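So the structure is just underneath, and the comments pick up after that.
This structure is a prediction, so every number in the text was calculated from the model and none was measured.
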Amino acid sequence: VSKLAIAIAREMKLSQDKIEGTRIASLVHDIGKVNLPTEIISKPGKLIEVEFNLIKNYPKVGYDILKKVDFPWPIAEIVFQHQEKIDGSGYPRGLKGSEICIEAKILGVANVVEAMSSYKSYRPALSVDEALAEISKNKNILFDPEVVDTCIRLFKEKGFKFE
């Protein structure tokens, strides 16, 4: 996730400061999962509503942990926002469009592409092309269009690969 997020931020020509903030946030973005029972994280089937509601709180837990650290970047806020979607359907706060910082938009796309192309207990890994098709289909709905276009360009034209 971190390598892709950094590559997107660089390709978008973000400032070095924003790139570094994206890098640090991407390394710790799932820290709030420390609070989740392993049975939920590794559950092979569909989550029931109460389990999904617990999952939806993990960015807030991560925020609460990270806000105590005096970073020179808004790491806690980026982590808090990384599951938000530009149409407001994300979690935990239902932020929309410009309410979501660019670092979180980048982290959100990188996280989805990596997650979809990795094996999960509840489904096999999809191909990177399938993951890119999914973010493309949801461009301007769930995901920032510039971030999506940049991510796709990195894989299709610049030879980016997960290692």
Side-chain angles (χ1 to χ4, degrees), residues 1-14 18-19 21-23 25-33 36 40-41 43 45-63 66 74-158 160-162:
V1 174
S2 184
K3 286 185 170 136
L4 180 54
I6 294 164
I8 293 169
R10 282 190 179 128
E11 185 72 13
M12 288 177 66
K13 307 219 181 322
L14 264 55
K18 284 195 182 291
I19 293 169
T22 302
R23 184 183 78 80
S26 67
L27 291 170
V28 297
H29 73 279
D30 279 346
I31 195 168
K33 288 184 178 178
L36 292 171
I40 291 177
I41 293 174
K43 184 175 179 179
K46 191 165 171 54
L47 297 175
I48 61 172
E49 186 178 358
V50 71
E51 292 168 331
F52 188 57
N53 286 335
L54 279 172
I55 294 262
K56 289 195 304 192
N57 197 43
Y58 90 86
K60 168 79 164 83
V61 174
Y63 170 81
L66 295 166
I75 302 302
E77 191 59 38
I78 297 166
V79 167
F80 203 177
Q81 294 181 14
H82 85 276
Q83 289 289 351
E84 301 289 355
K85 305 296 184 237
I86 65 168
D87 67 355
S89 67
Y91 59 86
R93 294 182 283 180
L95 301 178
K96 285 183 171 178
S98 63
E99 296 171 334
I100 308 164
C101 67
I102 190 62
E103 299 96 327
K105 290 174 179 177
I106 290 169
L107 178 52
V109 167
N111 193 38
V112 164
V113 172
E114 189 281 332
M116 289 183 72
S117 58
S118 299
Y119 168 81
K120 300 293 180 197
S121 59
Y122 49 89
R123 61 146 179 82
L126 300 173
S127 71
V128 168
D129 284 342
E130 289 171 302
L132 297 177
E134 184 66 21
I135 63 167
S136 182
K137 183 178 84 176
N138 287 294
K139 178 170 90 168
N140 241 349
I141 301 165
L142 304 180
F143 308 114
D144 181 273
E146 184 183 4
V147 175
V148 169
D149 290 344
T150 302
C151 181
I152 291 170
R153 186 169 58 252
L154 282 168
F155 280 97
K156 302 278 189 188
E157 296 172 22
K158 307 273 179 154
F160 185 90
K161 286 182 175 33
F162 287 120

**Study point:** No-hydrogen, no-angle side-chain donor-acceptor test under 3.5 Å, Ser89 and Asp87
**Key:**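 The criterion, which ignores hydrogens and geometry beyond distance, is satisfied for Asp87 and Ser89.
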**Study point:** Pair Gln83, Tyr58: side-chain N/O donor-acceptor within cut-off below 3.5 Å
**Key:** yes
Can you find a pair of side-chain heavy atoms, one from [X] and one from [Y], that are under 4.5 Å apart?
X: Lys137; Y: Leu132; result: no
X: Met116; Y: Arg123; result: yes
X: Ser2; Y: Arg23; result: yes

Listed pairs under 3.5 Å, donor-acceptor, residues 142-152 side chains, sequence neighbours left out:
| unit_1 | atom_1 | unit_2 | atom_2 | d |
| --- | --- | --- | --- | --- |
| Asp144 | OD1 | Glu146 | N | 3.0 |
| Asp144 | OD1 | Val147 | N | 3.0 |
| Asp149 | OD1 | Lys139 | NZ | 2.8 |
| Thr150 | OG1 | Glu146 | O | 2.7 |

Value rounded to 0.5 Å, distance of [atom1] in [X] from [atom2] in [Y]:
X: Ile40; Y: Phe52; atom1: CD1; atom2: CZ; value: 11.5 Å
X: Glu114; Y: Lys3; atom1: CD; atom2: NZ; value: 11.5 Å
X: Leu27; Y: Ile75; atom1: CG; atom2: CD1; value: 9.0 Å
X: Leu154; Y: Met12; atom1: CG; atom2: CE; value: 10.5 Å
X: Leu66; Y: His29; atom1: CG; atom2: NE2; value: 11.5 Å

Where do [X] and [Y] come nearest, in terms of heavy atoms and distance?
X: Ser117; Y: Ala125; result: O-CB, 3.7 Å
X: Ala25; Y: Ile78; result: CB-CG2, 3.5 Å
X: Gly32; Y: Val61; result: O-CG1, 3.7 Å
X: Tyr63; Y: Val79; result: N-CG1, 4.3 Å
X: Glu84; Y: Pro92; result: OE2-N, 3.3 Å
X: Thr22; Y: Ala5; result: CG2-CB, 3.8 Å

Check your understanding: Phe160: what forms a ring-ring contact (aromatic ring centres under 6.0 Å, His included) with it, not counting sequence neighbours?
Key ->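 If we apply the ring-ring contact (aromatic ring centres under 6.0 Å, His included) test to Phe160, skipping adjacent residues, the hits are Phe155, Phe162.
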Check your understanding: Applying the side chain to side chain contact (heavy atoms under 4.5 Å, CB included) test to Leu107, which of Val112, Ile8, Val1 qualifies?
Key ->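 Per the side chain to side chain contact (heavy atoms under 4.5 Å, CB included) rule, the option paired with Leu107 is Val1, out of Val112, Ile8, Val1.
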**Study point:** Within 6.0 Å of NZ in Lys43, more than 12 heavy atoms from elsewhere
**Key:**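 Atom NZ in Lys43 is crowded, with more than 12 foreign heavy atoms closer than 6.0 Å.
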Exercise for review: Without swapping roles, check the side chain of Glu51 against the backbone of Ile48 for a donor-acceptor pair under 3.5 Å.
Suggested key: yes
Point to revise | Sidechain-backbone polar pair: Glu130 side chain, Ser127 backbone, donor-acceptor under 3.5 Å | key: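 Side chain of Glu130 to backbone of Ser127: a pair is present.
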Point to revise | Carboxylate-amine/guanidinium proximity below 4.0 Å for Arg93 and Glu77 | key: yes
List the atom pairs, donor and acceptor, that lie under 3.5 Å between side-chain atoms in residues 94-106 and the rest of the protein, sequence neighbours left out.
| unit_1 | atom_1 | unit_2 | atom_2 | d |
| --- | --- | --- | --- | --- |
| Glu99 | OE1 | Lys96 | N | 2.7 |
| Glu103 | OE2 | Lys18 | NZ | 3.4 |
| Lys105 | NZ | Gly97 | O | 3.2 |

